[in-house]
Number of protein chains: 2
Amino acid sequence: MGAISYIYLNLEISGMALTHAILTALLEEDLTGYELAKQFDVSLGFFWTASHQQIYQTLKRLYAEELVTAREVSQTGKPDKRVYSLTDSGRRSLDAWVLSETKKRKVTDELFAKLYTVGHSSTAAVIDAVIQRQHDHREKLALYRKIESRSYAAPLKLPDQRKGVYLALLAGIRQEEASLLWCEDALSLLVSVSQVG
Amino acid sequence: MGAISYIYLNLEISGMALTHAILTALLEEDLTGYELAKQFDVSLGFFWTASHQQIYQTLKRLYAEELVTAREVSQTGKPDKRVYSLTDSGRRSLDAWVLSETKKRKVTDELFAKLYTVGHSSTAAVIDAVIQRQHDHREKLALYRKIESRSYAAPLKLPDQRKGVYLALLAGIRQEEASLLWCEDALSLLVSVSQVG
DNA sequence: TAGTAATATGCAAATAATTGCATAACAACA
DNA sequence: TGTTGTTATGCAATTATTTGCATATTACTA
């Protein structure tokens with residue numbers, strides 16, 4: 001009988017990493033797939049990237065596993081939506097995951113790979129890519145700062161439940177700032193490279 | 001006949017992103033799969049993560065597509081190794097890739113997802129995760145600075161072909177510095193959170 | 001001489017993510 | 001009334017990545 005409940009529990013656990021990223025977002029508030037996709041695109045984007053297809057798929061699985069519940073909501077002036085909430089089982093799953101070992105950060109960023117080609121291929125293309133990235137960083141930084149001043153002006157006075165979210169935002173701000181400074185330095189050095197290709 | 005060469009050319013192009021990351025690394029010097037795996041684990045690691053299985057698989061494909069050549073090398077005191085070099089076709093593939101649109105950076109970092117659980121689950125576990133990350137950043141920063149002082153002490157005097165690699169290193173250094181500062185700030189705030197769970 | 005660690009390479013199955021569709025409600029504007 | 005843009009959700013096929021083995025050489029040390 002112990003064996004049966006052991007198997008039963010195992011069936012409920014999702015190994016997929018996105019699972020927990022979605023569940024943590026639902027800790028703060030109930031959300032639809034569409035809203036989650038937007039959050040992953042903006043505020044969550046600096047530490048987690050996910051497409052809307054991935055998110056809808058995962059939500060469907062989380063629902064089947066009863067880690068979330070869903071309710072259909074009619075809207076006026078917009079299509080209906082499906083709002084997801086965490087279940088107690090979902091919360092317990094998060095509790096266990098927080099205690100588990102933190103997996104290594106995964107990244108793939110073509111920009112830096114392109115940098116390795118400097119002096120071998122078109123430097124102009126690399127410069128364009130850096131400028132593009134510079135624009136992206138500026139936009140992200142402006143957005144993060146707006147969120148900060150609107151919702152996190154006094155970090156020490158925040159309720160405990162919002163301190164972690166603030167710290168994630170702070171990391172995003174610091175990262176964008178550092179990246180912007182780097183873009184400037186990179187462009188200064190890249191203009192000194194002779195044309196190739 | 002135009003159609004035939006068109007099809008032929010298409011068959012040579014690998015869509016996989018790792019492809020180009022490996023080819024760029026081979027621009028600098030000939031490398032084995034094992035050496036590539038180590039580079040991806042250390043210096044390249046901050047902008048590109050890849051397992052050795054992934055790397056060996058991809059190298060095999062690049063060899064089949066004739067983007068690289070390989071030679072077996074006997075060593076004394078170590079097992080034999082297989083050294084890969086870029087072909088002209090590989091170089092042309094890189095040239096085309098540099099001109100193509102830069103794909104969006106992809107990340108997944110559980111640490112920040114765990115941060116979202118602060119005030120809901122074990123804060124101690126989150127603190128441990130931040131401390132762990134702090135150690136990682138310290139080690140990476142020390143390594144990057146060592147590489148910098150050993151090989152990139154005078155950036156402006158570098159040959160063009162090494163400027164891009166230097167800039168990637170610089171980005172790594174800046175990122176590690178910013179992350180380390182953030183870890184300290186994060187730990188200061190996290191100790192103010194009451195125990196939960 | 002047995003065990004551990006580093007060097008070196010790989011296969012196969014399972015899982016996850018991407019790409020390319022596809023649909024539909026509703027608003028605003030031409 | 002057709003078009004464009006935003007909101008909203010999803011499927012299916014392909015491609016990429018991870019996980020769990022598996023193997024072998026050589027050095028060092030207990």
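Scope of the values below: all heavy atoms of this structure, side chains included, with no hydrogens, waters or symmetry mates. Order of the sequence lines fixes the chain letters, A, B, ..., with proteins taken first and strands second; residue numbering starts at 1 for each chain.
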In whole angstrom, what separates [X]'s [atom1] from [N]'s [atom2]?
X: A:D80; N: C:dC26; atom1: CG; atom2: P; value: 7 Å
X: A:L36; N: D:dT7; atom1: CG; atom2: P; value: 15 Å
X: B:R105; N: C:dA17; atom1: CZ; atom2: P; value: 16 Å
X: B:E72; N: C:dA8; atom1: CD; atom2: C1'; value: 11 Å
X: B:L59; N: C:dC11; atom1: CG; atom2: C1'; value: 15 Å
X: B:E35; N: C:dA8; atom1: CD; atom2: P; value: 7 Å
X: A:L18; N: D:dT18; atom1: CG; atom2: P; value: 14 Å
X: B:R82; N: C:dT7; atom1: CZ; atom2: C1'; value: 17 Å

Answer yes or no: does a side-chain N or O of [X] lie under 4.0 Å from OP1 or OP2 of [N]?
X: B:Y56; N: C:dT9; answer: yes
X: B:K60; N: C:dC11; answer: yes
X: B:Q75; N: D:dT26; answer: no

What pairs with [X] under ring pair (Phe, Tyr, Trp, His ring centres under 6.0 Å), at least two apart in sequence or on another chain?
X: A:Y152; answer: A:Y166
X: B:Y144; answer: none
X: B:Y84; answer: none

Footprint string (nucleotides 18-23 of chain C, 5' to 3'): B base within contact, S backbone only, - free, heavy atoms under 4.0 Å: SBBB--
How does each nucleotide of nucleotides 1-6 of chain C score, in 5' to 3' order, for protein heavy atoms under 4.0 Å: base (B), sugar-phosphate only (S), or none (-)? ------
Note, B:T108 side chain near A:L18 side chain (heavy atom, < 4.5 Å):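 Sidechains of A:L18 and B:T108: no contact.
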Linking Ile, Leu, Val, Met, Phe, Trp and Tyr by side-chain heavy atoms under 4.5 Å, what else ends up with A:Y56?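 Joined to A:Y56, directly or through intermediates: A:Y34.
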Rest of the hydrophobic cluster containing A:V73 (Ile/Leu/Val/Met/Phe/Trp/Tyr, side-chain heavy atoms under 4.5 Å)?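 Hydrophobic cluster check, A:V73: joined to A:V83.
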Salt bridge or not for B:K106 and A:D109, using N-O below 4.0 Å?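 Result for this pair is no, no salt bridge flagged.
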Counterpart residues, side chain to side chain contact (heavy atoms under 4.5 Å, CB included), relative to [X] (two or more places apart):
X: B:A178; value: A:A178
X: B:L143; value: B:V42, B:I147
X: A:E177; value: A:L141, A:R145, A:I173, A:R174
X: A:E101; value: none

Pairing stems for DNA chain D [at least three consecutive pairs; Watson-Crick or G-U; under 3.5 angstrom]: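 C:1-30 with D:1-30 - these are the stems of 3 or more pairs that involve DNA chain D.
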Would a line drawn from the ring center of B:W97 to the ring center of A:Y116 be shorter than 6.0 Å?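 Centroid distance B:W97-A:Y116: not below 6.0 Å, so no.
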Assign each of A:T58 and A:G77 to its nearest nucleotide of DNA chain C by heavy atoms, then name whichever residue's nucleotide is nearer the 5' end.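 Closest to the 5' end, via its nearest nucleotide, is A:T58.
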Just call it for B:T76: base, sugar-phosphate, or nothing, with non-hydrogen atoms closer than 4.0 Å on any strand.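 B:T76: no heavy atom of the nucleic acid under 4.0 Å.
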With the side chain of A:K78 defined as its heavy atoms from C-beta on, choose the nearest nucleotide among D:dG10, D:dT7, C:dT9.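 It is D:dT7.
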